[in-house]
Amino acid sequence: IFKRDVNINILNENNLEKFINDLQPEIIFHLAAQPLVSESIKNPILTWKTNLIGSLNVINASSSLKKVTLIMITSDKCYLNNEWLWGYKETDLLGGKDPYSASKASTEIAIRSFVETYQYKNLKISTARAGNVIGGGDWALNRIIPDCIRSWHLNKKVTIRSPYSTRPWQHVLEPLYGYLLLAKYTFKNKNMGKVESFNFGPKLENEIQVLEVVNELQKYFGENLHKVEPTKSKIESTLLKLNCEKSKAILNWEPILNFKQTISLTANWYRDFYSKKEVSKTTKKQINEYISLIK
């Protein structure tokens, strides 16, 4: 298996194009992004540049290849969120109140603009929309799971400021499996002449309030480890759901893990990490467990 770890800033067009052309890939998964709403509020211009211009740089750098499939990962937050009780479909309006959400919506529009304008004969492009992904290895700041894990490790309480916001929680392995199926579909579909988008979300029962997630997670680490201080946010949405019927119908993909399984896999990875266990083995074990559940 060919393995190569190279760090390149996707805003550096020349380095990115050289790397892609040297590698000559058949399939590219584009996941590089500034992924946090809170960070986008602090650094909106960098967020816009990274998420929008960076994505267009990937397409432009790939355009000289003989043939390549691009799977462009955006976000469930690309939808214009009206706090609907039903899930957003791939054909619903795009939008975003905060810089992160707006940058992802704009990226979706810009990708289609590129394809429609330049009519690439060598590029097959699909976009994937998933959100609230959790799992071992996430150390980002201002994200509820890693914030809890870090604080609990130091025997500190976590302040929950949006306890009643509902999110579609899913383990990272769920959308990753969907991305692989999407790559296979896009690669083999020779008649694909436009950009297609696909939602990847959890089971309906996994659309849980933040406080319930914290309560379930802390069962693995102790009791009374959080305090609730609700604050009203004009930016963060309180409800966001996805309709994944298209992915189920075309890709034969559907979420496998229930809420307790999702939290269990996440908690056990972090417990192994702090127990000084070799988490690469934990990761492989969890991947194999997930594969065994795929029908």
Side-chain angles (χ1 to χ4, degrees), residues 1-35 47-79 90-91 94 100-101 103-131 133 172 174-201 242 244 246-247 250-253:
I1 300 175
F2 175 77
K3 296 181 180 180
R4 185 178 175 189
D5 185 10
V6 179
N7 293 317
I8 293 176
N9 188 335
I10 59 173
L11 294 180
N12 190 318
E13 298 176 65
N14 293 332
N15 287 351
L16 181 62
E17 185 171 3
K18 182 180 186 305
F19 172 69
I20 289 178
N21 278 276
D22 288 346
L23 192 60
Q24 290 289 307
E26 293 182 286
I27 299 174
I28 295 176
F29 293 89
H30 172 51
L31 295 91
Q34 191 299 96
T47 297
W48 276 90
K49 285 181 178 179
T50 302
N51 295 348
L52 176 57
I53 304 303
S55 296
L56 297 183
N57 284 345
V58 172
I59 296 176
N60 197 48
S62 304
S63 62
S64 61
L65 297 176
K66 184 176 180 181
K67 185 178 181 181
V68 65
T69 292
L70 296 178
I71 306 302
M72 311 290 288
I73 314 302
T74 59
S75 171
D76 61 343
K77 291 183 175 63
C78 69
Y79 292 106
E90 289 84 352
T91 53
L94 303 178
Y100 170 76
S101 302
S103 72
K104 288 298 189 178
S106 299
T107 297
E108 289 272 357
I109 295 171
I111 290 171
R112 281 162 178 74
S113 172
F114 255 43
V115 173
E116 290 291 331
T117 300
Y118 299 108
Q119 295 291 311
Y120 299 111
K121 302 298 183 182
N122 57 331
L123 302 185
K124 296 181 178 181
I125 302 176
S126 290
T127 69
R129 303 164 179 175
V133 174
V172 63
E174 299 270 52
L176 288 181
Y177 175 49
Y179 300 162
L180 291 173
L181 291 177
L182 179 56
K184 179 180 178 181
Y185 165 77
T186 308
F187 183 83
K188 288 188 173 183
N189 189 347
K190 297 180 180 179
N191 296 320
M192 184 180 255
K194 62 178 182 178
V195 178
E196 281 198 73
S197 297
F198 291 81
N199 288 337
F200 297 96
L242 293 178
C244 302
K246 181 179 179 181
S247 293
I250 295 177
L251 306 179
N252 196 30
W253 174 90

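Just so you know, these numbers use all the heavy atoms, side chains as well, and skip hydrogens, waters and symmetry mates. A quick note: this is a predicted structure, and the numbers were derived from the prediction, not measured.
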Heavy atoms only: give me the nearest [X]-[Y] pair and the separation to one decimal.
| X | Y | value |
| --- | --- | --- |
| L52 | A110 | CD1-CB, 3.6 Å |
| L16 | A61 | CG-CB, 4.1 Å |
| N122 | S63 | ND2-O, 2.7 Å |
| T127 | S197 | OG1-OG, 2.5 Å |
| L242 | A130 | CD1-CA, 4.4 Å |
| S62 | L123 | O-CD2, 3.5 Å |

Starting at [atom1] of [X], measure out to [atom2] of [Y] and round the result to the nearest 0.5 Å.
| X | Y | atom1 | atom2 | value |
| --- | --- | --- | --- | --- |
| K246 | T91 | NZ | OG1 | 8.5 Å |
| I27 | K67 | CD1 | NZ | 10.5 Å |
| N60 | I20 | CG | CD1 | 9.5 Å |
| L11 | I53 | CG | CD1 | 8.0 Å |
| L56 | K49 | CG | NZ | 14.0 Å |
| M72 | L182 | CE | CG | 12.0 Å |

_K104/E108 salt bridge by N-O under 4.0 Å criterion_ = no
*Does any donor atom in the side chain of R112 or T107 lie under 3.5 Å from an acceptor atom in the other side chain?*
no
*Determine whether the side chains of N199 and Y79 contain a donor N or O and an acceptor N or O closer than 3.5 Å.*
yes
Please check this pair: side chain of [X] against backbone of [Y], looking for a donor-acceptor N/O pair closer than 3.5 Å.
| X | Y | answer |
| --- | --- | --- |
| T117 | S113 | yes |
| Q24 | N21 | yes |
| R129 | E90 | yes |
| N57 | I10 | yes |
| W253 | P175 | no |

*Test log, rule side-chain hydrogen bond (donor to acceptor under 3.5 Å, both in side chains), inputs Y100 and S75*: CA-CA 9 Å; Y100 170 76; S75 171; 3.3 Å; yes
*asked:* Once you measure the plane-to-plane angle for F114 and Y118, does it fall in the parallel (<30°), tilted (30-60°) or perpendicular (>60°) bin?
replied: perpendicular
_Test log, rule side chain to side chain contact (heavy atoms under 4.5 Å, CB included), inputs N7 and D5_ = CA-CA 7 Å; N7 293 317; D5 185 10; 4.1 Å; yes
*Sort out for me which residue in T186, I250, L181, I71 forms a side chain to side chain contact (heavy atoms under 4.5 Å, CB included) with F198.*
I250
*So among N51, T50, T74, which one has a side chain to side chain donor-acceptor pair (under 3.5 Å) with S103?*
N51
*Please step through side chain to side chain contact (heavy atoms under 4.5 Å, CB included) for the pair E26 and F187, ending with a clear verdict.*
CA-CA 9 Å; E26 293 182 286; F187 183 83; 4.1 Å; yes
*Centroid-to-centroid, Y177 to F200, below 6.0 Å?*
no
